[in-house]
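Below: one structure, written as structure tokens.
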Number of protein chains: 2
Amino acid sequence: MPVTIKDVARVAGVSITTVSHAFNGHDDVSADTRDRVLQVAKELNYRPSHVARSLVLQQTHNVGLLVSDFNTNPGGHHFLFDVMAGVHDQLAEFGYDMTLLSTTTAMQRLVSYIDFCTERRMEGVIVMGMRMNDPYMREVADAKLPSVGIDLPILSPHCGYVMTDNIQGAMHAVRHLLAKGHQRIGFINGHAEAVVSVDRLHGYQTALREAGLKVDPDLVVHSNFLVQGGEEATTVLLTKAPDVTAIFYASDLMAIGGMRRLLRMGKRVPHDVAVVGYDNIDLGEWVVPALTTVAQRRYDMGKASVDMLMGMLRRQERPRACLLTSEMVVRQST
Amino acid sequence: MPVTIKDVARVAGVSITTVSHAFNGHDDVSADTRDRVLQVAKELNYRPSHVARSLVLQQTHNVGLLVSDFNTNPGGHHFLFDVMAGVHDQLAEFGYDMTLLSTTTAMQRLVSYIDFCTERRMEGVIVMGMRMNDPYMREVADAKLPSVGIDLPILSPHCGYVMTDNIQGAMHAVRHLLAKGHQRIGFINGHAEAVVSVDRLHGYQTALREAGLKVDPDLVVHSNFLVQGGEEATTVLLTKAPDVTAIFYASDLMAIGGMRRLLRMGKRVPHDVAVVGYDNIDLGEWVVPALTTVAQRRYDMGKASVDMLMGMLRRQERPRACLLTSEMVVRQST
DNA sequence: TTGCATATCCAAAACGTTTTGGGTATGATT
DNA sequence: AATCATACCCAAAACGTTTTGGATATGCAA
């Protein structure tokens with residue numbers, strides 16, 4: 001039904017070879033015929049088939065964005081959406097398309113996501129939202145398919161990653177609190193299976209030691225990155241260590257929950273307890289008091305992952321570990 | 001490089017026709033050879049090429065999700081992310097892939113998005129985040145390409161739409177406030193180019209008239225759906241109509257901004273001024289006071305748009321207007 | 001034995017491109 | 001006049017599938 005290169009050739013009175021050459025700017029076609037071909041193509045509204053071209057060129061210009069548990073990722077949009085935008089835009093910059101994949105749907109189709117990508121002849125895949133204990137982890141690591149993980153620190157012959165330097169980020173946050181004179185600084189972390197949690201804990205501890213303080217295990221509580229988790233963990237923390245004067249939360253959502261709980265307990269933020277979050281979600285600016293937080297460059301993470309993948313694809317670069325810096329956003333909660 | 005149907009045929013000692021038939025469950029292949037072919041295919045790790053199949057079958061099983069200004073859509077993730085998840089999951093259910101498109105990147109590639117979709121032989125496209133005055137609007141409406149708009153009420157021979165019943169939603173909100181005894185109810189709307197704004201205003205006015213109240217133009221202020229806009233608009237509203245006892249905001253973000261501003265002005269929510277938002281974003285549950293709001297079924301909107309598109313594609317159904325109901329979520333702000 | 005239905009298989013065309021390896025004029029150089 | 005370079009053009013193969021229209025063999029009825 002759609003108009004093909006044959007139609008153009010027939011109407012323009014040339015061979016399909018010539019049409020192809022005219023379209024792709026080869027120099028063995030006279031200016032006259034080139035113009036005529038292009039004119040005819042425009043009149044017929046000809047659009048070359050990406051599918052046919054993919055088949056003959058053996059490259060699809062298509063990469064997958066694999067999101068773990070896309071549909072059931074509570075609060076995920078605060079982080080994933082911007083990363084996705086970065087991935088998409090930068091792929092477009094290179095002339096690549098982005099196909100969205102989810103582990104859940106892959107699972108229910110009963111094919112590994114690698115098979116899924118192979119069938120579609122995807123040139124690579126970017127993975128995000130996955131935990132270290134995810135069953136798909138090994139598959140990502142072992143795959144021949146060029147891939148880049150976001151917040152998923154796997155280095156293998158075909159798999160690189162990009163993530164925020166969470167150690168540095170957490171150190172920033174704790175140093176900021178130390179500079180404000182705090183000594184008893186609580187840390188409410190995300191779940192331990194998240195790789196970022198490990199690093200943030202490490203950064204928290206390092207910053208304390210750096211200041212000559214001892215690391216008190218009672219000051220650290222694990223939670224789930226969400227508002228309610230932040231609330232509950234705050235109660236736990238305050239019973240274990242009632243003397244904290246500052247709390248560092250591993251996500252803004254938990255920090256918002258924490259502030260809410262602190263308020264309930266009659267503690268004033270930042271007067272009685274200072275609060276720092278992590279992520280810089282848009283609403284952090286508008287809660288009361290406005291949230292001091294560590295900003296991740298989400299959009300840039302998406303872009304960087306594409307850059308790495310393109311390097312692997314087009315310049316045979318080896319996969320790397322790419323760490324992006326983060327920066328403090330100081331507002332009223334400290 | 002990847003293993004093809006030829007390889008399987010050669011190793012199994014049959015023709016490629018037989019391999020194809022074995023794979024697609026045709027009955028003119030003996031059980032013996034079928035098993036052998038499948039066995040060989042598994043050993044070679046054969047994956048049929050989706051590309052080649054698309055070419056010969058003339059259908060790609062691919063639809064585009066066109067997001068207007070994907071990267072520069074502030075606060076967009078609160079709504080778009082869930083819709084996207086619904087679209088993706090439901091497409092997967094039908095065996096379709098989802099390719100993400102953005103008007104901005106399409107624009108900078110200097111091709112209309114229709115051409116973009118035609119080149120890729122997409123079977124349809126779902127459009128979201130677009131305003132009525134968007135330059136791409138006409139293109140969507142006139143296109144031969146089967147399409148479904150989300151919150152974009154265009155009906156044409158090849159274009160249907162799904163949206164929340166915003167009239168009903170706004171009426172719910174206002175009725176709720178009326179039931180609480182409020183008479184002077186302000187309305188802070190989004191920008192007028194958003195179609196949802198028109199409907200929500202309509203619903204607001206209808207509910208008031210229904211209650212025998214006059215519609216006072218001083219009670220309506222237009223803003224931009226965002227937190228800061230909500231703040232500013234609240235000030236404007238309160239200078240024009242200092243006697244309001246309730247405000248209905250056309251987005252949760254504006255409602256959050258509004259509550260913040262009200263607090264600053266010494267008004268207590270809900271005691272002095274009751275507040276209702278729209279959207280049911282996740283954080284509405286956690287602000288203080290927790291936000292009463294109108295919940296849109298975002299995920300379902302995505303699913304519904306896919307269902308409609310599939311109906312058009314596979315059963316030649318005509319594009320329709322699909323309205324989803326919304327429901328009140330009553331919390332502490334009223 | 002012949003004819004015929006059935007079961008099983010396959011060669012070749014088709015899908016819409018790109019690329020290879022030429023071919024035929026034309027004009028300039030010997 | 002013969003040779004050669006150049007400019008322009010094209011037929012055919014290839015990419016990896018599906019589908020069409022048989023072909024061959026087997027078993028059974030006439």
Side-chain angles (χ1 to χ4, degrees), chain A residues 1-38 40-41 44-62 95 97 115-123, chain B residues 1-38 40-41 44-62 95 97 115-123:
Chain A
M1 198 59 187
V3 39
T4 76
I5 199 173
K6 278 184 195 166
D7 301 319
V8 178
R10 187 170 33 76
V11 175
V14 295
S15 73
I16 62 172
T17 306
T18 303
V19 178
S20 177
H21 284 179
F23 253 76
N24 296 320
H26 292 206
D27 55 357
D28 61 344
V29 42
S30 73
D32 260 10
T33 49
R34 177 166 35 77
D35 292 348
R36 183 155 41 90
V37 166
L38 262 40
V40 167
L44 296 185
N45 201 24
Y46 166 67
R47 294 288 144 193
S49 161
H50 193 77
V51 178
R53 185 178 276 174
S54 293
L55 183 61
V56 64
L57 293 184
Q58 292 287 72
Q59 46 175 332
T60 55
H61 280 212
N62 189 9
D97 294 347
D115 291 345
F116 191 89
C117 293
T118 311
E119 283 182 2
R120 276 138 242 267
R121 300 300 190 263
M122 291 183 173
E123 299 185 24
Chain B
M1 199 57 188
V3 38
T4 74
I5 199 173
K6 280 184 196 165
D7 301 319
V8 179
R10 187 171 32 78
V11 175
V14 296
S15 73
I16 60 173
T17 305
T18 303
V19 177
S20 177
H21 284 180
F23 253 75
N24 298 319
H26 291 209
D27 56 356
D28 61 344
V29 44
S30 73
D32 259 9
T33 49
R34 176 168 34 78
D35 293 348
R36 183 156 40 89
V37 165
L38 263 38
V40 168
L44 296 185
N45 202 22
Y46 165 67
R47 294 287 146 193
S49 163
H50 194 77
V51 177
R53 185 177 276 173
S54 294
L55 183 60
V56 64
L57 293 184
Q58 293 286 74
Q59 47 175 332
T60 55
H61 279 212
N62 189 10
D97 293 347
D115 291 345
F116 191 90
C117 293
T118 311
E119 283 183 3
R120 276 139 243 268
R121 301 298 189 263
M122 290 181 173
E123 298 184 25

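Below, each value reflects all heavy atoms present in this structure, side chains not excepted, and no hydrogens, waters or symmetry copies. Reminder, nothing fancy here: chain letters follow the sequence lines and each chain counts from 1.
- Between the side chains of B:S15 and B:T18, a donor-acceptor pair is found at a separation under 3.5 Å.
- Between the two ends of the helix from C:dT1-D:dA30 to C:dT30-D:dA1, each summarised by a five-pair axis, the helix axis turns through 80° (rounded to 10 degrees).
- Reading DNA chain D from its 5' end, the first and the last nucleotide to sit under 4.0 Å from a heavy atom of chain B are D:dC15 to D:dT20.
- Nearest-nucleotide mapping onto DNA chain C: of B:T17 and A:Y46, the residue sitting toward the 5' end is B:T17.
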Go through it in stages, so that I can follow the logic: the residues are A:R121 and A:N62, the test is side-chain contact (heavy atoms from CB on, under 4.5 Å), and I'd like the CA-CA distance, side-chain angles, deciding distance and then a yes or no.
CA-CA 8 Å; A:R121 300 300 190 263; A:N62 189 9; over 6 Å; no
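- Residue contacts shown for A:R34 are absent, as no nucleic acid heavy atom lies under 4.0 Å away.
- Distance OG/B:S20 to CD1/B:I16: 8.0 Å, rounded to 0.5 Å.
- Put simply, the side chain of A:E119 never gets that close to the backbone of B:P48: no donor and acceptor are under 3.5 Å apart.
- Of the possible donor and acceptor atoms, one in the side chain of B:S54 sits under 3.5 Å from a partner among the backbone N and O of B:H50.
- Of the residues in residues 49-58 of chain B, those lying under 4.0 Å from DNA chain C by heavy-atom distance are B:L55, B:V56, B:Q58.
- Nearest heavy-atom pair across A:L55 and B:A52 is CD1-CB, 3.9 Å.
- Listed by residue number, the members of residues 18-32 of chain A with any heavy atom below 4.0 angstrom from DNA chain C are A:S20, A:H21, A:N24.
- Taking a 4.0 Å limit (strictly below) on heavy-atom distances, residues 5-13 of chain B reaches DNA chain D at B:I5, B:K6.
- Judged as a side chain to side chain contact (heavy atoms under 4.5 Å, CB included), and not counting sequence neighbours, the contacts of B:V11 are B:V40, B:L44.
- Closest heavy-atom contact between A:V37 and A:A22: CG1-CB, 3.9 Å.
- Within 4.0 Å (heavy atoms only), B:R47 reaches sugar-phosphate atoms of the nucleic acid but no base atom.
- Counting heavy atoms from C-beta outward, B:D97 and A:F116 have side chains that approach closer than 4.5 Å.
- In this structure, B:I5 CD1 and B:R47 CZ are separated by 13.5 Å, a value rounded to the nearest 0.5 Å.
- For the atom pair OG1 (B:T33) and CG (B:L38), the distance works out to 10.0 Å, reported to the nearest 0.5 Å.
- For the atom pair CZ of A:F23 and CZ of A:R34, the computed distance is 12.0 Å after rounding to the nearest 0.5 Å.
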May I have the step-by-step check of side-chain contact (heavy atoms from CB on, under 4.5 Å) for A:R120 and A:T60, ending in yes or no?
CA-CA 8 Å; A:R120 276 138 242 267; A:T60 55; over 6 Å; no
